[in-house]
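The block underneath contains the structure these notes are about, expressed in C-alpha coordinates.
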Amino acid sequence: MQIMNMGQYAHGNQPIQRMLYLYDYSGQPWKAQYWIREVMDKLYTPAPDGYCGDEDNGQTSAWYVFSAMGFYPVCPGTDQYVLGTPYFSQMKLHLENGKTVTISAPDNGAEHRYISSMTVNGKPVSRNYLTHGELTGGAKVVMKMSSQPNKQRGTREADFPYSFSKEISK
(Lines give C-alpha, C1' and ligand atoms only; values in the text may rest on other atoms or scores of the structure.)
Protein backbone atom coordinates (compact mmCIF):
# COMPACT_ATOMS: atom_id res chain seq x y z
CA MET A 1 0.00 0.00 0.00
CA GLN A 2 2.95 2.31 0.57
CA ILE A 3 4.03 1.91 -3.05
CA MET A 4 0.51 2.83 -4.23
CA ASN A 5 0.32 5.79 -1.81
CA MET A 6 -2.77 4.32 -0.13
CA GLY A 7 -1.66 4.77 3.48
CA GLN A 8 -2.80 1.99 5.81
CA TYR A 9 -5.61 0.78 3.54
CA ALA A 10 -4.76 -2.87 2.83
CA HIS A 11 -7.16 -3.89 0.06
CA GLY A 12 -5.69 -7.40 -0.19
CA ASN A 13 -7.07 -8.08 3.29
CA GLN A 14 -10.67 -8.87 2.32
CA PRO A 15 -12.49 -7.72 5.48
CA ILE A 16 -11.35 -4.14 4.84
CA GLN A 17 -12.71 -4.01 1.29
CA ARG A 18 -16.11 -2.76 2.45
CA MET A 19 -14.48 0.06 4.44
CA LEU A 20 -14.47 2.53 1.56
CA TYR A 21 -18.25 2.23 1.28
CA LEU A 22 -18.71 3.34 4.90
CA TYR A 23 -18.47 6.98 3.79
CA ASP A 24 -22.03 6.47 2.48
CA TYR A 25 -23.15 5.79 6.05
CA SER A 26 -21.68 9.06 7.27
CA GLY A 27 -23.18 11.37 4.65
CA GLN A 28 -20.00 11.81 2.59
CA PRO A 29 -20.59 9.59 -0.43
CA TRP A 30 -18.19 11.60 -2.60
CA LYS A 31 -15.31 10.24 -0.48
CA ALA A 32 -16.44 6.68 -1.21
CA GLN A 33 -16.62 7.52 -4.91
CA TYR A 34 -13.14 9.03 -4.92
CA TRP A 35 -11.41 6.20 -3.06
CA ILE A 36 -13.23 3.35 -4.78
CA ARG A 37 -12.11 4.71 -8.16
CA GLU A 38 -8.56 5.07 -6.82
CA VAL A 39 -8.54 1.40 -5.80
CA MET A 40 -9.98 0.24 -9.13
CA ASP A 41 -7.45 2.35 -11.07
CA LYS A 42 -4.36 1.55 -9.00
CA LEU A 43 -4.86 -1.98 -7.68
CA TYR A 44 -6.55 -3.72 -10.61
CA THR A 45 -4.52 -3.44 -13.80
CA PRO A 46 -3.71 -5.75 -16.76
CA ALA A 47 -0.04 -5.92 -15.65
CA PRO A 48 1.63 -9.02 -14.15
CA ASP A 49 1.40 -7.40 -10.70
CA GLY A 50 -1.99 -5.83 -11.36
CA TYR A 51 -4.00 -7.90 -8.94
CA CYS A 52 -3.67 -6.95 -5.31
CA GLY A 53 -3.48 -9.47 -2.52
CA ASP A 54 -4.68 -13.02 -2.52
CA GLU A 55 -7.98 -14.41 -3.72
CA ASP A 56 -10.05 -15.98 -0.96
CA ASN A 57 -12.95 -17.76 -2.66
CA GLY A 58 -13.39 -14.97 -5.19
CA GLN A 59 -13.91 -12.07 -2.76
CA THR A 60 -11.30 -9.75 -4.27
CA SER A 61 -12.69 -10.33 -7.77
CA ALA A 62 -16.27 -9.98 -6.51
CA TRP A 63 -15.39 -6.63 -4.93
CA TYR A 64 -14.15 -5.41 -8.30
CA VAL A 65 -17.12 -6.71 -10.29
CA PHE A 66 -19.67 -5.20 -7.90
CA SER A 67 -17.71 -1.95 -7.58
CA ALA A 68 -17.42 -1.65 -11.37
CA MET A 69 -21.23 -1.82 -11.53
CA GLY A 70 -21.36 1.07 -9.06
CA PHE A 71 -22.49 -0.65 -5.86
CA TYR A 72 -21.51 -3.30 -3.33
CA PRO A 73 -23.35 -5.51 -0.78
CA VAL A 74 -21.62 -4.06 2.29
CA CYS A 75 -23.88 -5.91 4.70
CA PRO A 76 -25.29 -9.03 3.03
CA GLY A 77 -27.87 -9.41 5.81
CA THR A 78 -29.75 -6.40 4.42
CA ASP A 79 -31.44 -5.92 1.06
CA GLN A 80 -29.19 -2.95 0.20
CA TYR A 81 -26.38 -2.49 -2.28
CA VAL A 82 -24.37 0.56 -1.21
CA LEU A 83 -23.34 3.00 -3.94
CA GLY A 84 -19.81 3.55 -5.04
CA THR A 85 -18.98 4.78 -8.52
CA PRO A 86 -19.57 2.87 -11.74
CA TYR A 87 -16.56 2.11 -13.90
CA PHE A 88 -18.35 1.85 -17.24
CA SER A 89 -20.64 4.16 -19.17
CA GLN A 90 -23.25 1.41 -19.46
CA MET A 91 -23.74 -2.18 -18.47
CA LYS A 92 -26.64 -4.59 -18.48
CA LEU A 93 -27.39 -7.48 -16.19
CA HIS A 94 -29.68 -10.14 -17.60
CA LEU A 95 -31.26 -11.78 -14.57
CA GLU A 96 -32.42 -15.37 -14.41
CA ASN A 97 -36.02 -14.18 -13.86
CA GLY A 98 -35.97 -12.62 -17.34
CA LYS A 99 -35.63 -9.06 -16.06
CA THR A 100 -32.82 -6.70 -17.05
CA VAL A 101 -30.93 -4.18 -14.97
CA THR A 102 -29.40 -1.37 -17.01
CA ILE A 103 -26.88 0.87 -15.33
CA SER A 104 -26.05 3.97 -17.35
CA ALA A 105 -23.45 6.59 -16.54
CA PRO A 106 -22.99 8.27 -19.93
CA ASP A 107 -20.46 10.90 -18.83
CA ASN A 108 -18.41 8.42 -16.82
CA GLY A 109 -14.64 8.51 -17.13
CA ALA A 110 -11.39 9.07 -15.31
CA GLU A 111 -12.26 12.72 -14.74
CA HIS A 112 -15.92 12.08 -13.99
CA ARG A 113 -15.99 9.71 -11.01
CA TYR A 114 -18.61 11.49 -8.89
CA ILE A 115 -22.35 10.79 -8.98
CA SER A 116 -24.04 14.18 -9.15
CA SER A 117 -27.56 12.74 -9.45
CA MET A 118 -29.28 9.41 -9.97
CA THR A 119 -32.62 8.12 -11.16
CA VAL A 120 -34.08 4.65 -10.75
CA ASN A 121 -36.80 3.82 -13.26
CA GLY A 122 -37.07 7.52 -14.07
CA LYS A 123 -37.51 8.71 -10.47
CA PRO A 124 -34.85 10.84 -8.73
CA VAL A 125 -33.12 9.00 -5.89
CA SER A 126 -30.86 10.72 -3.37
CA ARG A 127 -30.13 7.73 -1.14
CA ASN A 128 -26.77 6.01 -1.09
CA TYR A 129 -28.01 2.53 -1.94
CA LEU A 130 -30.16 0.46 -4.26
CA THR A 131 -32.42 -2.28 -2.95
CA HIS A 132 -32.45 -5.92 -3.93
CA GLY A 133 -36.11 -5.59 -4.92
CA GLU A 134 -35.39 -2.67 -7.23
CA LEU A 135 -32.70 -4.64 -9.00
CA THR A 136 -34.44 -8.03 -9.21
CA GLY A 137 -37.60 -6.36 -10.46
CA GLY A 138 -35.66 -5.02 -13.42
CA ALA A 139 -34.34 -1.52 -13.18
CA LYS A 140 -33.03 1.32 -15.24
CA VAL A 141 -30.46 3.16 -13.13
CA VAL A 142 -29.08 6.37 -14.62
CA MET A 143 -26.21 8.12 -12.89
CA LYS A 144 -25.21 11.57 -13.97
CA MET A 145 -21.45 11.79 -13.46
CA SER A 146 -19.35 14.85 -12.74
CA SER A 147 -15.74 15.88 -12.24
CA GLN A 148 -16.71 17.62 -9.00
CA PRO A 149 -18.43 15.97 -6.04
CA ASN A 150 -22.04 16.89 -5.30
CA LYS A 151 -21.77 17.54 -1.58
CA GLN A 152 -25.55 17.93 -1.27
CA ARG A 153 -26.47 14.48 -2.59
CA GLY A 154 -26.76 11.58 -0.14
CA THR A 155 -26.05 13.69 2.95
CA ARG A 156 -29.34 13.39 4.82
CA GLU A 157 -29.65 10.63 7.40
CA ALA A 158 -32.60 9.26 5.42
CA ASP A 159 -30.15 8.68 2.51
CA PHE A 160 -27.79 6.49 4.55
CA PRO A 161 -27.83 2.69 4.25
CA TYR A 162 -29.17 0.62 7.13
CA SER A 163 -26.97 0.41 10.21
CA PHE A 164 -27.71 -1.64 13.32
CA SER A 165 -26.10 1.14 15.36
CA LYS A 166 -29.23 3.21 14.65
CA GLU A 167 -31.29 0.51 16.36
CA ILE A 168 -29.23 0.40 19.55
CA SER A 169 -29.00 4.19 19.84
CA LYS A 170 -32.79 4.60 20.14
Side-chain angles (χ1 to χ4, degrees), residues 17-44 58-167 169-170:
Q17 291 175 353
R18 57 190 30 87
M19 193 268 310
L20 299 176
Y21 286 88
L22 298 183
Y23 286 114
D24 284 320
Y25 293 74
S26 68
Q28 298 179 334
W30 59 90
K31 289 182 180 178
Q33 295 159 20
Y34 176 84
W35 286 110
I36 290 164
R37 183 62 63 92
E38 287 294 295
V39 168
M40 286 192 286
D41 285 345
K42 291 180 178 179
L43 303 181
Y44 293 85
Q59 170 53 38
T60 302
S61 296
W63 182 92
Y64 183 83
V65 170
F66 271 111
S67 294
M69 288 189 287
F71 52 82
Y72 184 76
V74 171
C75 182
T78 71
D79 70 339
Q80 298 174 343
Y81 296 86
V82 181
L83 293 179
T85 181
Y87 208 63
F88 302 102
S89 58
Q90 184 177 51
M91 62 186 331
K92 290 186 179 193
L93 304 173
H94 301 286
L95 306 179
E96 64 184 351
N97 65 3
K99 305 284 183 172
T100 299
V101 176
T102 303
I103 303 161
S104 299
D107 297 324
N108 196 8
E111 299 298 318
H112 292 93
R113 68 175 66 187
Y114 300 105
I115 300 170
S116 63
S117 64
M118 181 176 77
T119 61
V120 177
N121 298 325
K123 297 177 183 171
V125 173
S126 64
R127 58 184 149 78
N128 296 328
Y129 61 90
L130 298 167
T131 68
H132 186 74
E134 286 172 329
L135 297 175
T136 59
K140 182 171 180 158
V141 180
V142 179
M143 299 177 187
K144 184 176 179 191
M145 306 302 288
S146 174
S147 62
Q148 297 297 313
N150 178 352
K151 294 186 177 181
Q152 306 306 310
R153 189 194 170 287
T155 59
R156 299 174 307 124
E157 194 167 330
D159 296 329
F160 303 172
Y162 172 78
S163 173
F164 183 67
S165 61
K166 291 179 190 176
E167 302 291 325
S169 65
K170 289 182 181 176

- Message: Checking the side chain of Ser146 only, and the main-chain atoms of Tyr114 only, is there a donor and an acceptor separated by less than 3.5 Å?
- Response: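 Not confirmed, Ser146 side chain does not pair with Tyr114 backbone.
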
- Message: Can a donor-acceptor pair be found, under 3.5 Å and without considering hydrogens, that links the side chain of Asn128 to the backbone of Asp24?
- Response: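 Confirmed, Asn128 side chain pairs with Asp24 backbone.
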
How close do [X] and [Y] get, heavy atom to heavy atom, and via which atoms?
| X | Y | result |
| --- | --- | --- |
| Tyr162 | Gln80 | N-OE1, 2.7 Å |
| Phe160 | Gly154 | CE2-O, 3.7 Å |
| Arg153 | Ile115 | CD-O, 3.7 Å |
| Ile36 | Gly84 | CD1-CA, 3.7 Å |

Distance in Å, [X] [atom1] paired with [Y] [atom2], rounded so as to fall on 0.5 Å steps:
| X | Y | atom1 | atom2 | answer |
| --- | --- | --- | --- | --- |
| Met143 | Ser116 | CE | OG | 11.0 Å |
| Lys92 | Ile103 | NZ | CD1 | 11.5 Å |
| Lys31 | Leu22 | NZ | CG | 13.0 Å |
| Glu157 | Tyr25 | CD | OH | 13.5 Å |
| Lys99 | Leu135 | NZ | CG | 13.0 Å |
| Leu93 | Thr100 | CG | OG1 | 8.5 Å |

- Task: List for me each residue that meets side-chain hydrogen bond (donor to acceptor under 3.5 Å, both in side chains) alongside Tyr44, sequence neighbours excluded, and say none if there are none.
- Result: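 Expected list: His11.
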
- Message: Test side chain to side chain contact (heavy atoms under 4.5 Å, CB included) on Leu20 and Glu38; report intermediate values, then the result.
- Response: CA-CA 11 Å; Leu20 299 176; Glu38 287 294 295; over 6 Å; no

- Message: Evaluate Lys144 against Asn150 for side chain to side chain contact (heavy atoms under 4.5 Å, CB included), listing each step before the verdict.
- Response: CA-CA 11 Å; Lys144 184 176 179 191; Asn150 178 352; over 6 Å; no

- Message: Does anything in residues 101-112 form a side chain to side chain donor-acceptor pair (under 3.5 Å)? List the pairs, not counting sequence neighbours.
- Response: Arg37-Asn108, Gln90-Ser104

- Message: Please list all pairs meeting salt bridge (Lys or Arg N to Asp or Glu O under 4.0 Å) that have one or both residues in residues 131-143, counting only residues at least two apart or in different chains.
- Response: Arg127-Glu134

- So which pairs with a foot in residues 73-89 pass salt bridge (Lys or Arg N to Asp or Glu O under 4.0 Å), sequence neighbours left out?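 Passing the test, one end in residues 73-89: no pairs.
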
- Flag side-chain contact, heavy atom, 4.5 Å: Tyr23 against Trp35: yes

Name each donor-acceptor pair under 3.5 Å that joins a side chain in residues 62-76 to protein atoms two or more places apart or in another chain, with its distance.
{"from": "Trp63", "atom 1": "NE1", "to": "Gln17", "atom 2": "O", "distance (Å)": "3.1"}
{"from": "Ser67", "atom 1": "OG", "to": "Tyr21", "atom 2": "OH", "distance (Å)": "2.6"}
{"from": "Ser67", "atom 1": "OG", "to": "Trp63", "atom 2": "O", "distance (Å)": "2.8"}
{"from": "Tyr72", "atom 1": "OH", "to": "Gln59", "atom 2": "NE2", "distance (Å)": "2.8"}

- Query: For Arg18, what residues pass the salt bridge (charged side-chain N to carboxylate O under 4.0 Å, His left out) criterion, not counting sequence neighbours?
  - Reply: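 By the salt bridge (charged side-chain N to carboxylate O under 4.0 Å, His left out) rule, Arg18 matches no residue at all.
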
